[in-house]
Structure formats: structure tokens, C-alpha cells
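Structure, as C-alpha cells:
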Amino acid sequence: MSLSKTVKRELYEKLVLADRIDRMIYGRMMQGKLIGFYHPGEGGIAPGVAIGHHLTKDDIYTPHHRAHGIPGMLGKNVPVERYLAEHTGKETGCCKGRSSFHWSFPEYGIYMASGYIGFQFAPTVGWGWAAKRKGKGQIVWCSAGDGGYNQGRAHEAMLMAMNWKLPVVFCCENNGMAIHATVASMHPTEHISSLAKGYGMPAVIVDGQDVFAVAEVAKKAIRHVRAGKGPIFVETKTLRFREHDIGTPDLAGHMPRSEEELADLRRRDPVLVATERVLADGVLTQTQIDTIGEQADVRVAEIEQFADESTIARPSEQELMEAVYAP
Amino acid sequence: MSLSKTVKRELYEKLVLADRIDRMIYGRMMQGKLIGFYHPGEGGIAPGVAIGHHLTKDDIYTPHHRAHGIPGMLGKNVPVERYLAEHTGKETGCCKGRSSFHWSFPEYGIYMASGYIGFQFAPTVGWGWAAKRKGKGQIVWCSAGDGGYNQGRAHEAMLMAMNWKLPVVFCCENNGMAIHATVASMHPTEHISSLAKGYGMPAVIVDGQDVFAVAEVAKKAIRHVRAGKGPIFVETKTLRFREHDIGTPDLAGHMPRSEEELADLRRRDPVLVATERVLADGVLTQTQIDTIGEQADVRVAEIEQFADESTIARPSEQELMEAVYAP
Amino acid sequence: MPPEKNAENTRELAFIEALKEAYIEEMERDERVFMVGQDIQGGIFPHTVGLVDRFGPERIVDTPISESGMYGTAFGSAQEGFRPIVDFMFGGFTYVTWAECSVTTGQYYFLHGSQIPLPIVITLAVGTGQRLANDHSMGLHGSFFPQPGIKVAMPSTPYDAKGLMKAAIRDNNPVVIPWHMGLMMDRGPVPEEDYIVPLGGADVKRVGTDVTVLANSLQLKNTLEVAGKLADEISMEVIDPRSFEPFDMDALLRSLEKTNRLVIVDEDWERGSFAATISARVMEQAFDLLDAPVTLVTFPNMPIPGGYMEPYIAPNPDKIETAVRAVCR
Amino acid sequence: MPPEKNAENTRELAFIEALKEAYIEEMERDERVFMVGQDIQGGIFPHTVGLVDRFGPERIVDTPISESGMYGTAFGSAQEGFRPIVDFMFGGFTYVTWAECSVTTGQYYFLHGSQIPLPIVITLAVGTGQRLANDHSMGLHGSFFPQPGIKVAMPSTPYDAKGLMKAAIRDNNPVVIPWHMGLMMDRGPVPEEDYIVPLGGADVKRVGTDVTVLANSLQLKNTLEVAGKLADEISMEVIDPRSFEPFDMDALLRSLEKTNRLVIVDEDWERGSFAATISARVMEQAFDLLDAPVTLVTFPNMPIPGGYMEPYIAPNPDKIETAVRAVCR
Ligand SMILES: Cc1ncc(C[n+]2csc(CCOP(=O)(O)OP(=O)(O)O)c2C)c(N)n1
Ligand SMILES: Cc1ncc(C[n+]2csc(CCOP(=O)(O)OP(=O)(O)O)c2C)c(N)n1
Ligand SMILES: [Mg+2]
Ligand SMILES: [Mg+2]
């Protein structure tokens, strides 16, 4: 079940765009042009792009929080300028500029972000239950980090999804770290996906630096759950090139990660990996690649412009009070 | 590693006593001579007796809530008359008559009961951490039911205990039911102990109706963790002959369990099984068995007398206010 | 308009039967309504017994003892257009998944730009009387009450139980309905025809002139008992808030204009309670109406003991009488 | 007796450095004291940075993102004789394991017969100013405050931060110490010698005669700003409760005897708040002292919005000034 040339091209375009948006947001944060915090995606953007790409608009998805879900949103064709507008406090933001970073695109099956790591596990049960009960082939993709799977909520969701054979993919975007903690010290086995064994859930492990490899696995996993075969676990082994969130030192435990270590990791940059692949496989020429880069820059500029030109949201207290309860 | 004759005799005595205390409490509840509720143990008392028996006074133990932990307390030689006094609201109760059923025998390493299923998982991490840090060979035995292992807390405790190689036995007293829910509908695999696989934790399954079999497994498991080899999982397959708690109908799902089903289960009564074994193995004669029964009745009468003759605890509001904070 | 409580088509029902009628009628009215909880197919409390025969296990959904997954079944499906009723059995179990059912639920609609509603009813059995001690006896209305974005109402009669539950199910917001175990078997008139008791409407359960007593749930019953007993000496007006959020401040102020004295009875701790909040609001909004300080009858600030202590530690008729007499002195 | 704040051996320290000194001194004093949390070896907030070099990973314990197991490490080890400090990072994360850190903790000592103490310090960063919206900004003192068996205190100066933290660590009960992120880098005098600020003692941070303002934490700072600004018009007495439970009612009443007016500023929702509770207590205990109704400055009852809204939705100097002026009218 290999990917078509068209799909590969689309994935490559989205990957490049995800990368440039991430750098743009990083830059804005450093310039003070963002509200709250940002968790840079560099090194770990491939899984989201690949996963989102294979989901239909109706499918329910919690993109992983790294890069604030943007790779996954791009994958799913969400208008991410509305995310940037939100994160800059604008009226055009996806949550009317109220949420700082708690995005929500219900019309795209992306209901929510939350300040709680592991928040997605509880509603995943409900989304899966609803999807199954409606019986229209909708599925749920629940992504979380290696740290996220430390949450007891993960156990409850996997248990219940298996009991009910819900159409849910449990995905771990394992970048080997959670803030400063290394996965080696926070999980007792080599793979997070070993958890799936406890429930008799099938599991796949894939190289998360290779957007095409993840896309193939995602496609198969989605087919599996859409066919009513119950949950499946997908672990993507990925990386984090930068600090956890901008402003926090980049430590492993309490020691800084070394320049060498980081340089080493960067050899596995997902854009680098993908570029080599598309060139080698004859999917794209260098000229095409350059064009894609330029188009991405144009799109990045558009996104910034949209956010920057939108009006700051400053509703009155009264207006806000009226927005607390649904009519 | 088979059990000595003496140990078998002691186990048998405690089993018979646990059985008669359980029936006594059942009777008292029906007569209105108990406070709050009672979850009868009949059918499921062997694991507690066997486990408690192999723990030292210092070891930390959360006996399973069925039969309100009394089999495990007897195993560990706790003066259970103080539990009955508690459950009847007396000054001599193990919590001064304030707790209804929230027993606590800190001097026996039994810190607490709680109204929350799965409460024991969180402190188990702390008990295990403390035991390891003290390095005096103390261990923790954490028992919960098949329903208890549905709690996300179980995941967090198993994960952390494995990370830190804590001296903890995770035990599931699986009686196939949680109130009305059957384990078949609430857990996706045949054995709860399959969860251990997720953490690379060794697991053993044992016939929970056979007090001697459980005792052998418990002894080995305790030796394993005491030797610093990290956590181990023990699943005892056991039964529940009566309703979940007195007053609640005895249903599986929403259908009553049938007379035949219950009669069938009763063929595996732990006292019956043990009696056959001790007779067959020449551990005890019928006369000795009769004597053990008589002695148990005497002890039961003593326990009741202790509770009945103690004064009802009715401290003033002022006295209670002074007991809220430790000095 | 709700039908008269003593209309012709009114029968006597137990509190718990009234609750059950609300579930049945709303599930029949609206396919999207369903229930999820633990052992609700069997029924730990009688309010769900038999529902599975009528609606099947697809709509009377039992879950493992996994409160976050159980609550998540409601939360996620509500976003997908269902209208779940989630039954927590004993109220204290909400604390097991508190992040989800308090702040995440309360903030969802507002913080995410008021886009899609989150119609969830959270129901729970609460209260003293079973002598199960603190964790099984505490009231949870006071814990949900401060959470913005969540409504909280608590019935004290079979009529209100059915009417408030139906209003909650039809509301497009998360609504918490704790119900007191001590009222479970109380009987009272319940009309057969469709009605709701709107959230946010208090009810004058007894008219009086000397003092207003605001009391809910089991404590309303205790208060009415005291009002009867003292009738010859003190004329007590007894108001049932029914709904804590939204709260019917107008009804309270109307009563205070007449009585100028207020006692609030609340089966909760004083610290951070609904009772204290209303006292503070009365202070701010009606200082000049008061002839005596507002007095609270709540738990002393200790965990609720079990054993024989509960009846004299919890609010009870004696304590209410003492407070009423003191305020009217 | 605490040493004078301006004794010779007093240095200027940042709030967060003062907290850290408390940890260090108490860990050196007492082998049983240790810290547990997430990423405290690295340090998300500077109060733990470097501690692991001094005390090793055995006493600066990092856990997975498993709040119940993390809190359980504290709870269980406290029963075994240790004296844990558990750091929840952002305060809202306590809700993830709320059953454990609220009711199970608060009831343990009392319900189980007052047998063995449970000395745990729960510390958490709270407050607005980071513009991270509701779940990362809400105050948690109001949620812990009602829980019987738990003490809650909140420092507003480096001096109090060190002194309250040390008192909490030495206390034999669960003590919650939220600290406001907006104060993190504030500097102030801190004596070098050993001292504690006893739990339950309020502090008059500014003497005045016209109106008493009870304000804590960042809002204390805002209140002092307003007091300075209005000095020529209105003489504000500013009291820092420092400790919510136990609460120093005597200090408040002493002040009210002089001013007869009270504003309470509390960075929390009004519903079920500390502020409302104190208003209710003042009503009951000091009705006759009041020349004007007690007025609260709190959040409006909505989830705390992020974006540009936080500064004008949260309590702030403008809102405090308005309330003070209204009460003094
Ligand atoms: C319940 C909860 N606990 C702790 C945190 C603080 N926190 C934010 S991100 C994070 C690490 C997440 O690690 P992981 O899931 O592996 O994702 P990554 O950031 O590595 O992609 C932590 C601990 C939180 N937000 N919520
Ligand atoms: C957190 C929580 N949820 C639900 C309950 C209600 N409850 C009490 S006992 C029980 C079933 C427990 O089943 P299991 O752990 O298998 O033990 P068993 O009673 O079968 O021995 C339930 C659901 C509870 N006490 N606590
Ligand atoms: Mg990670
Ligand atoms: Mg069971």
C-alpha cells in the first residue's frame, strides 16, 4: 500500500509549510508578538502532517500539542491563520481571541486543546462511542506524547475503547522527552506502545522522522479502525530539536543537552529526510522543491498578515458574560 | 517451595475464622447491628488470608475491600475486634468510632481504607518509595479487585513502581464482577494481569479458591520483591457468592444470577476446597477440623462481645474539632 | 407555565420515581438523550432500575470503574451532538475525574469561542443519613457551584426533581443535579403532563413574616419541620433556592423586604459554601434591609464523621431552630 | 519570635529565591524532608533550580506526568515518616488528582482516629499575568480552602514566602502553599537567621483609618499601589491574611473597630470564595461594626479569558480603587 506521487507531493508541501510556520512562530515569540507560550515543533513535525493528511474532515482528531498542533491542522487542511490570529488575541481567532492557545475547530473535527496533558483521553472515549453509534465510518485519532501516556486517563481510554471496539487510533508521538524528563527514566520498557499489549491491542512502531513512512502507517491504521476492527496503537519515534517551550532551558534531567547531541539529532531533520527521499524517488526535482519553498514563504506571509491585520479582541465584560452559557 | 504443615494449619484456622466472621457480620447487618454498609466476602476470602499470612508486621498492605479487609487482617494478625468495634461506632474502634468503615491500623502497616475504589494505587507509590529508601526489606502489597484495575490510578502506580523498581506486589483479586458488571464486559482480555505486560512486569495467575496455592504464590512474590527485583503482578481468580453489598440485588448486568449458577460457584467454596486438601494431605484430621470450627466460634463470640460491650462513641463537637489537625 | 401541583392529573410519586420519569420522558422525546454510568443497567439506586429493558444497553450505558473514561463518554459525545446524562453514583466520585467535570467542562464553551454547546447533565447522589462518613456523605453542590460555565440545581421534592431534571436535560449547558439520598423515598404530587421547573427559579415553600430561611434539599425538609413546630411563636418564610447557579436573588430579596432577617441552611462546610456566598451577596445588595446579621447553619469545619456522630454534627432541626431563635431575638 | 524584617543580617532576595532558601534550610535541618514533582530537577520555575546538585535525585524526585502517582509519592511516604513537599507546577494540575489531594488528604487524620500525622506541603504556581487562560491561571486557594483538615496559606512578599514555607514544612498537617507567578521576581528583605511566619497570622501591611482592605498575594501588591495613590484622600488599612485556614479573624476585627469599612480583594471567582466566606463571617461576628456593606473585588463569574482580556477582567488597581471609593462614599 504505497503512497501515490500526488500524495507524496502534498505531504512534502505540507511538511515544508509546517516547518516554516513553526520557525515563524518561534521568531514571533522571541519578538514578543505572541500571547502566552509556544512549544516549538522543530524536529517533530512529520507525524502530525502525515496523520492529518489521511483523516477526512469529519474524522475527530486531537493533534499533538507540539508546534501547537499546526502540523496536524495543516494535514487536515484547517485554515491555520485563524490559529495564529487566536494566539495573537485577535477577533478573527478560532476562539474569538479568548483562549490564548486553546484552539478549537469543531467544523474540522478538532474540538479542543487544553492546558492539561492527557486531557484528550477522556473525550476520545466519547468521540469514539458517538462515531460508532452513528455508524457513518467516522474515526477518532488520539495523539499524545510519550509524557501524555503517563496519565492514568490513557489507561481508562484504551481499556474502554477496546471493550467497546471503538474506531480509535491511539498514537504516541514519542520524542524521548517530556519537558526535561527523558522517556528512559519515565517509562520502564523500550516502547510506549508496549502498553497496548495490556489490552490485546495491535501496535505498530514507525520512524517519525520520515513523513512518508508515517503516512503509510497512518493510512493502514485508519483503514483498520474504519473497518470496525477496533482500536490500534501507533507509535512514532520522533525528536525535539529545541527547548520544551520558549524560555525554558533545554535540559535532559538537569543537564543541558550538548551541542553535539543536538547536531546529531538535526541530521534526522524531517524536511531533510523527506527532501532526500523525494529527490531519490524522482517525486520532485530540485527546481520544484525550490518553488515549494517559495510558495511556503508566501503562505507564511499571508498567515502573518491575516493575524496582524485583524483587530485585537477586547470585548466588554458584559459581552463576555453573555458568552459564558449557550442559549 | 511448598508450605510446612504448621503454616497450612495456621492458614486453615484463619480461613475458617475469616469465613465465620464474615457470616457473623452478614447476620449483624441483616439485624441492623452495623453502621453503613457491608460487602460480604463469602467465596472470596482465601486470597486475603493467604497474602496477609506471609507479610511481616512492618510490611505495608491494603487488603482488598471485600469482607472489609478482614481476611487480610486476620492473615496479618490484626486484632479484628477493633474493626468490628469501629463498624459498630464504638470508642474502642480502630478509628475511635468515627469512620464507619474506613479502617486504619498503622501499627500493622495497614494505613487506610477509603470510599474510593482504586484509592490504594497512589499511596502505594509512596509506600514503595519509602520502603526502598529506608532499605530495611519492607515491602508493599497492593490488593485491588478486577474493578479496581479499571482505574487510571492503577496505570500510574504500575508505571512508577516499575520505573523505580519498588518493592511492590500488585495483586488483583479477580472475582469476575464489579457490583453488577461482569469482568468479561469491562476488560478486553481474559486476564487482568495482562496489564502487567505493558510495563514488562512479571505476572502470575493462581486459583484464588485454594488458600494454599495463593499462599505459595504470595510467598514467592514477596520473596521476589523483597530481594529488590522490582514489582510483580499476582492475579487470584476468585468468586463472589453473594450480592455486592447487602441490600443491593445480586445481578450480572441487569439479570439476576441464577440459583444454578450460584450453586455451581459454591462447589468451589474456599473452606470446602481447603478442608478437602488438609484431609487428603493428612495435615489435619476431621476431629482437629471440628475443634478448629469450635475455636473459631469462640473467637467470633469474643469479637462480638468486645464490640457490643464497648461504649458508643459520642464525642462532643468541641472534642471532634480538636481532633481535625495534628498537634 | 408549569401545571399546578394539584392539578387533576397529579399522582403521588416517590422522589426517585419522579427522577426516573424525567429520564424516560426525555429519552422518548429525544433520541440524542442517553445515560452513562456504572451499574446503571442494574441500578445501585432505584432511579435507573428497569431503564435498560426499555431503552437497551446502547442508551443505558455501563462503563468500567474508570471515571475519566465514563465522564469522557458524556463529554465527547456531547460535542458530537448527543445529550448525555452521566450518573456518578455517589457524588464524591466526581473528584476522581475532577479536572474533566469541573474546569474543562465549565470553560469549554466560553474559552473556545462559544461555538458549539456542551449539553451534559451530571447527576449524583449526595448527603448525610447513610452514615458512610465523609467521602460518601459530602455534598458536592458547593464544589461545583464556583465553577464558571456550569449550572447547579438541587431538587427537594418529587415535583422539583422531575421538573428540574427535565429542564437540565433540555438545557444546552452542563448542568449538575445532585440529589439527596435522604429524600429518595419521599412521596409527593407529580403531574402527568409535561412540565419543567426552570433553572434559576426559587420557590417559596412556606409563607411567613418574621424571618426568611433559605434551605435546600434534605435541609429544606428539616426547616419545614421547624417552621411547623415554631408556627405559634415565629412565622418562618421558607425559600428553596432549587437552583444555586443561576440563583434567584430577586425571590430572596422580595422575602427579605418583608422579614428583614435571614438564616441560610446548607448541608456543606461553611468555608467556601453557597451559604456564605449568598450571605455576602445579601450584605452587598441588601445591607439596609437587614435587622440582624445573616446566620448560617452548616457543617462545623471537620470531615463528616460516620458512626453515631453524624446526626448531631450535620445540620439538623435542633440547630436550625437555635439559629432561627437567635436571629429573631 | 520572627526577627525584624530590617535586622542587620537581612538581604534583599527575590520571592522565588526566598522560597528556595526555605526548602534548602529545611532539607538540611531534617533528613525526612524531600521534594517530589515534575521536572523539578531541571526546574520549570526557578524555585527548584540547582537543588538536585545539592540534595541528589533521591531527595529531589522527578516523576512521570502521573499526578496521582506523583502525589501518592508524597502521601504514602508521609505515612511512613517522611515529610514531603510536592510541587504541582501549575496549580490547576491538582484537579487531575483532586480526590487524593483534597478529600482523601483532608479526612485522613481525623477520620482514621487521629492516629498518625500527615505532614505534606503542597505547593503550586497560580495566578493571572501569564495570559495562558483559565486552566493555567486560576487560583487554587479557593478550592483547597473549604476542605476540612487542610491548611492553606499564600505569601505575598519574599519574607512571608520563606517564613510561611518553613512553617508549612514543620507543620504536622497537610498545608497548601499556592504562590502567585506575578510575584516571582519581586525583591524584598529576608533575614538570614532562622524564622518562621506562623500559619494563621495576618499581617497589617499598611496602617490606615478610613477603610480596611483585605487582600492577598498579587492583589495585595495592587492594593498597596492604590493605597499609595489615594493616600491624600482615603486612609486605607491593608491587611494581608497570609493564611486562609487557619484565618486570623482577630486581626481583621481589630482593624474594623477602627475603620468600620471593609473591601476584600481576592483573585478568585466570587462564588464559593474565601472573600465571600470572610464577608459572611464579618456579617455574623461584627455586623454592628459596619458602616457600609462589605464589598468584594473578584473575578466576574466567567472562565478567565486569555488574549488581551485578562488585564481588564481580573481584579486590578482600577477595580480596587472603584470599590474602595464606593465603600467610603
Ligand atoms: C496534567 C498536566 N501535568 C503537567 C503538565 C506540564 N507539561 C506541559 S507539557 C509537558 C510535557 C509533555 O511531554 P510529552 O507528552 O512527551 O509531549 P512533548 O512536549 O514531548 O511533545 C508537561 C509535563 C501539564 N500541562 N498538564
Ligand atoms: C471511584 C469509585 N467509583 C465507584 C465506586 C462504587 N463501587 C464500590 S465497590 C465497586 C465495585 C468494585 O469491584 P471490584 O474492584 O472488582 O471488587 P469486588 O467488589 O468485586 O471485590 C464499585 C464500582 C467507588 N466506591 N469508588
Ligand atoms: Mg515527549
Ligand atoms: Mg470484582
Side-chain angles (χ1 to χ4, degrees), chain B residues 34-37 86-91 93 95-102 114-119 144-154 178-183 185-187 244-245 247-256 312-318 320-325, chain C residues 37-46 48-54 56-57 60-70 72 89-97 99-100 129-138 269 299-314 319:
Chain B
L34 210 68
I35 283 170
F37 50 27
E86 184 64 28
H87 208 158
T88 46
K90 300 305 176 76
E91 283 178 355
C95 301
K96 304 201 174 81
R98 290 180 200 153
S99 85
S100 294
F101 65 92
H102 295 75
S114 152
Y116 290 115
I117 288 293
F119 80 91
D146 48 293
Y149 277 88
N150 298 332
Q151 281 284 323
R153 272 85 178 150
I179 306 191
H180 305 141
T182 61
V183 69
S185 59
M186 297 298 160
H187 189 88
H244 169 70
D245 75 309
T248 313
D250 188 359
L251 312 175
H254 67 291
M255 301 296 288
I312 287 180
R314 295 190 199 273
S316 70
E317 193 171 313
Q318 187 49 33
L320 286 173
M321 280 305 281
E322 280 157 21
V324 173
Y325 291 116
Chain C
Q38 286 162 34
D39 306 285
I40 58 174
Q41 292 181 3
I44 284 297
F45 297 115
T48 59
V49 171
L51 293 181
V52 69
D53 298 321
R54 193 150 182 165
I60 306 297
V61 181
D62 269 351
T63 76
I65 312 174
S66 305
E67 272 76 11
S68 87
M70 174 183 100
M89 197 182 300
F90 285 92
F93 304 163
T94 54
Y95 274 15
V96 173
T97 185
E100 282 77 6
Q130 316 291 308
R131 302 203 292 171
L132 297 172
N134 197 53
D135 50 31
H136 270 64
S137 309
M138 56 187 188
W269 293 288
F299 286 123
N301 283 324
M302 68 173 75
I304 307 162
Y308 284 91
M309 299 160 211
E310 204 193 75
Y312 63 89
I313 292 300
K319 293 186 175 187

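Only heavy atoms go into these numbers, but all of them, side chains included; no hydrogens, no water, no symmetry mates. Reminder, nothing fancy here: chain letters follow the sequence lines and each chain counts from 1.
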Atom [atom1] of [X] and atom [atom2] of [Y]: how far apart are they, to the nearest 0.5 Å?
| X | Y | atom1 | atom2 | answer |
| --- | --- | --- | --- | --- |
| B/Ile179 | C/Gln41 | CD1 | CD | 13.0 Å |
| C/Leu132 | B/Phe37 | CG | CZ | 5.0 Å |
| B/His254 | C/Leu51 | NE2 | CG | 11.0 Å |
| C/Ile44 | B/His180 | CD1 | NE2 | 5.0 Å |
| C/Met302 | B/Glu322 | CE | CD | 10.0 Å |
| C/His136 | B/Phe101 | NE2 | CZ | 5.0 Å |

* Structure fact -> From the list B/Arg153, B/Lys96, B/Glu86, the residue making the most non-hydrogen contacts under 4.5 Å with chain C is B/Arg153
* Greatest number of heavy atom pairs closer than 4.5 Å to chain C - which of B/Gly36, B/Gly89, B/Gly115 -> B/Gly115
* Asked: Any side-chain heavy atom of C/Tyr308 within less than 4.5 Å of one from B/Ile35?
  -> yes
* Are side-chain heavy atoms of B/Leu320 and C/Met309 found at a separation under 4.5 Å? -> yes
Part of [X] lying under 4.5 Å from any heavy atom of chain B:
| X | value |
| --- | --- |
| C/Ser68 | neither |
| C/Val52 | side chain |
| C/Thr97 | neither |
| C/Met89 | side chain |

Specify the closest pair of heavy atoms between [X] and [Y], including all atoms of both residues, with the distance to one decimal.
| X | Y | result |
| --- | --- | --- |
| B/Ser99 | C/Ala133 | O-CB, 3.6 Å |
| C/Asp39 | B/Ala181 | OD1-N, 3.2 Å |
| C/Val96 | B/Gln151 | CG1-OE1, 3.6 Å |
| C/Tyr312 | B/Glu317 | O-OE1, 4.4 Å |
| B/Ser100 | C/Gly307 | OG-N, 3.1 Å |

* Looking at C/Asn134, C/Thr63, C/Val49, which makes the most heavy-atom pairs under 4.5 Å with chain B? -> C/Thr63
Side chain, backbone, both or neither: which part of [X] has a non-hydrogen atom closer than 4.5 Å to chain C?
| X | result |
| --- | --- |
| B/Phe119 | neither |
| B/Lys90 | neither |
| B/Ser114 | both |

* To do: Give a yes or no on whether the backbone of C/Asp135 and the side-chain of B/Tyr116 come within a donor-acceptor separation of less than 3.5 Å.
  => no
